[in-house]
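Below, chains carry the letters A, B, ... as their sequence lines are ordered, and counting in each starts from 1.
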4 protein chains.
Amino acid sequence: MQRRLTKRGIERRDQLVEFAAHRFAENGYHPTSVTEIVSGLGVGKGVFYWYFTSKEELFVEILRGAQRGLRRTQEKAITGEGDPVARIELGIRASIRWLAENRDYFTLFQFASSEERFAPLLRLGEDVAVADAARHIRAGMDAGRIDEGDPAALGHAILGVTNQLVRILLFEKGEDPNRVADAAVRFCLGGLRGFSGVIAAGAHSPA
Amino acid sequence: MQRRLTKRGIERRDQLVEFAAHRFAENGYHPTSVTEIVSGLGVGKGVFYWYFTSKEELFVEILRGAQRGLRRTQEKAITGEGDPVARIELGIRASIRWLAENRDYFTLFQFASSEERFAPLLRLGEDVAVADAARHIRAGMDAGRIDEGDPAALGHAILGVTNQLVRILLFEKGEDPNRVADAAVRFCLGGLRGFSGVIAAGAHSPA
Amino acid sequence: MQRRLTKRGIERRDQLVEFAAHRFAENGYHPTSVTEIVSGLGVGKGVFYWYFTSKEELFVEILRGAQRGLRRTQEKAITGEGDPVARIELGIRASIRWLAENRDYFTLFQFASSEERFAPLLRLGEDVAVADAARHIRAGMDAGRIDEGDPAALGHAILGVTNQLVRILLFEKGEDPNRVADAAVRFCLGGLRGFSGVIAAGAHSPA
Amino acid sequence: MQRRLTKRGIERRDQLVEFAAHRFAENGYHPTSVTEIVSGLGVGKGVFYWYFTSKEELFVEILRGAQRGLRRTQEKAITGEGDPVARIELGIRASIRWLAENRDYFTLFQFASSEERFAPLLRLGEDVAVADAARHIRAGMDAGRIDEGDPAALGHAILGVTNQLVRILLFEKGEDPNRVADAAVRFCLGGLRGFSGVIAAGAHSPA
DNA sequence: TATGAATGAGTATTCATTCAT
DNA sequence: GATGAATGAATACTCATTCAT
């Protein structure tokens, strides 16, 4: 929706985004009704539709904002670092730090990934982050510091580790973000160096 | 619901479970209505509530069945293998094989993880699998084949890698399950051996 | 909506159609809400959507039924009459009689004609009736009893006269249907014989 | 609403009337929202309620304006013509010409006739036009050029023919206004001369 | 005069669940 | 075991109107 907003309008809009993000994270997207959002803010229902064309649009906006925030944090973190492996490490640490501070958004990412409507948008953001990582991985390979392999796949592996450890160690067990980051970094950098496996690749078990 | 079912009753019930699982995976849990399920099977609504007390109960049952299936596959795969690292590898490969053949369930796991109601049940299953892996990891550490660390955390890291690669490489890019397994195994075994990182652990960036 | 209805179901459905037709006629289609319809019948809201997919569908169904009823009446009226002009007259009289007894439907026709969504359906019915009349008119022309001209246009002229006189004389002034029919027939049969006009055709006033 | 308007105010008001009339005709009165009207003109909502107390008031105003316009056209057309039948003919021709050039208003008349709220106003205008015609008809009867009968009823019959032929021939089939007028005049003048019917008046079919 | 913001009752429709047969 | 019918609270969204500035 394109609307010229006054200062007051911008504030209202931000209020809505923030409050809704919190409720969505806490209660789920579907179970959170528009009525709940507006009455939680003590405003009329029309207010919601003055700022957003639909509940879906609001969610997409929240998602976009969160992705932007995470990405900025990552970029800021690796600025000035030249070593590709170090850049990867810094990226992982920055992501975990950001997620620790934005638990709501992490939950929203989780949900978005499970709905056909939102998953593509989420993937878009993931792909950008993974492509970034892949560039560093490529550089690491060229420098002989990382085993040859598909850089994008390795980037996704890092994403998988990070998300799972954040969910379990950080949010479920309440561990310290830095220790979670240590564990993630250690596993990922080890993973990047690879290991051929006990069972010869190709000698797969029968279907 | 506990009901003594005739043979025909059992078939009906299974039909419902199977059909619903497919629709839930395809369309989402919330967007799929009970009406849609029963009319898709050409039966009346009473049938549904004869076998299940609620839509939620049905979903839980589907989830439980899927977890049971995955677990059995994993157990079967490692039976007879004594080496702990090989057991881990076999477990990873078995999981990926099973997920490749049960895409619907993978999607359902995703969704379950995003709803407060179902997440605990999902975690339960994950914890069992992770505990299994952790035992092998512990054994690997004792044998000096795996770097010291928190076995459960490492187990979760493996889970994270596996799920992400399955989603992206297998389902999104359509790669061959065996090649996906190769990539996952390689990354995970490397990860288990760890790598101390370029930046000294503990020397974290400022919050 | 295709549904196997029990006897009770058919009754309910008929109830809904009848009641809604009355309310639509009395109050207008838009101003009459689904809530009003169901609560007027003392049933839950779901009942409405058990029988109809939408308010619009219900209206279309009402419209179709009314058109069918009018048409049947017209057909029955002219059965057995061979003279084309007499057939026209009988058709006019039958229409007016039917409209007098189905005032609600007349009002609904009026409304339908004013909404882009429903107008085409209405025109379809009108066209059928006009085509019927046009056949008789054609026959009348061939017999030299009606002036040459476009039969369809003449049929529409008859329709226009009939509807307007029904609205004004019958419904507004409350005149007797037979007298209204007399006036309509007289005007229409005169109109069919035509009159060249005082001002020469073609000598049109300036735009 | 009575407000002393500046020149600019009058222009704004006219803009609103014109634009709204077009949207109402195109899209229907109910489906066209005030928001749509003001945003279509690129102004705020306050503007609307500065000039009109309600959407309904605006519609009434549009209707009144249209009726005034049509009436003026009719009056101008018959000015200077003394023969009553010719006056009728000129009136019909003028009406059709005006409707051809004001299709939007024709549609609005249609709608107004179908809503209890607006119908009385519409009838008022119709009655004026019919009364006019009735005077000429009366004169024609006195001069023996038109069959005896109820002049008002005959006036309405003319109105019915005109409206229907305009809708079908002019708007639906896109015929030339002059040819439509020829057909209408011919039918109406014929109708005024009447025809006793094949079936004896009074010998009505059974109810 | 005009704007953007807000109101809140109202709308059509959905849907998990229950009921009578 | 199974059906069609019914429930009614809930949902997302609309819109004529009002208000503060």
5'-most contact on DNA chain F (nearest-nucleotide basis), C/Val47 vs B/Val47, goes to B/Val47
Closest nucleotide of DNA chain E for D/Gly44 versus for A/Val43: which of these residues is on the 5' side?
D/Gly44
Would a line drawn from the ring center of D/Phe52 to the ring center of D/Phe48 be shorter than 6.0 Å?
yes
Salt bridge (Lys or Arg N to Asp or Glu O under 4.0 Å): pairs with one or both residues in residues 102-111 of chain D, sequence neighbours excluded
none
Measuring from the side chain of D/Tyr49 (C-beta onward, heavy atoms only), which nucleotide among E/dT1, E/dT17, F/dT18 has the closest atom?
F/dT18
Residue B/Trp50, side-chain atoms from C-beta onward, closest of E/dG4, E/dT13, F/dG1:
F/dG1
Residues that B/Glu115 engages under side-chain contact (heavy atoms from CB on, under 4.5 Å), provided they are two or more places apart:
A/Pro31, B/His30, B/Phe111, B/Arg117, B/Phe118
In chain order, what residues pass the salt bridge (Lys or Arg N to Asp or Glu O under 4.0 Å) check against C/Arg123, with sequence neighbours excluded?
C/Glu126, D/Glu172
Does F/dG4 have its OP1 or OP2 closer than 4.0 Å to a side-chain nitrogen or oxygen of C/Arg12?
no
With the side chain defined as heavy atoms from C-beta on, D/Tyr51 is closest, among E/dT1, F/dC13, F/dA5, to E/dT1
Write down the atom of D/Ala21, the atom of D/Tyr105, and the distance for their closest heavy-atom approach.
CB-CE2, 3.9 Å
Pairs touching residues 24-49 of chain C that satisfy salt bridge (Lys or Arg N to Asp or Glu O under 4.0 Å), sequence neighbours left out
C/Arg23-C/Glu26, C/Arg23-C/Glu36
Grab the NZ-P distance between B/Lys7 and F/dG1 for me, whole Å please.
13 Å
Would you jot down, in residue-number order, the residues of residues 14-41 of chain B having a non-hydrogen atom under 4.0 Å from DNA chain E?
B/Thr32, B/Ser33, B/Val34
Walking DNA chain E from its 5' end, the first of A/Leu5 and B/Lys55 to be reached, judged by nearest nucleotide, is A/Leu5
Rounded to the nearest angstrom, tell me the gap between atom CZ in D/Arg13 and atom P in E/dT1.
12 Å
Residue set satisfying salt bridge (Lys or Arg N to Asp or Glu O under 4.0 Å) with D/Arg64, at least two apart, ordered chain then number -> none
Here the distance between atom C1' of E/dC15 and atom CD of B/Glu56, to the nearest Å, is 15 Å
In whole angstroms, the gap separating P of F/dA6 from CZ of C/Phe52 amounts to 12 Å
Partners passing side-chain contact (heavy atoms from CB on, under 4.5 Å) against C/Glu116 (at least two apart in sequence or in another chain):
none
Rounded to whole Å, the CZ-C1' distance (A/Arg3 to E/dT3) equals 12 Å
Find the distance D/Phe48:CZ to F/dC15:C1' and express it as a whole number of Å.
12 Å
Taking the P atom in each of E/dT1 and F/dA20, what is the distance between them to the nearest angstrom?
22 Å
Please identify each residue that fulfils salt bridge (Lys or Arg N to Asp or Glu O under 4.0 Å) with C/Arg68, with sequence neighbours left out.
none
B/Ile10: which residues meet the side-chain contact (heavy atoms from CB on, under 4.5 Å) condition with it, sequence neighbours left out?
B/Leu5, B/Asp14
Face-on cation placement of C/Lys55 at C/Tyr49 ring, 6.0 Å and 45° thresholds:
no
Name the stems that DNA chain E belongs to, where each is three or more consecutive Watson-Crick or G-U pairs with both distances under 3.5 Å?
E:2-21 with F:2-21
Identify the pairs formed between an N or O of the protein and an N or O of nucleotides 19-21 of chain E at a distance under 3.5 Å, and give each distance.
none

Any residue meeting salt bridge (Lys or Arg N to Asp or Glu O under 4.0 Å) with A/Glu18, in chain and number order, not counting sequence neighbours:
none
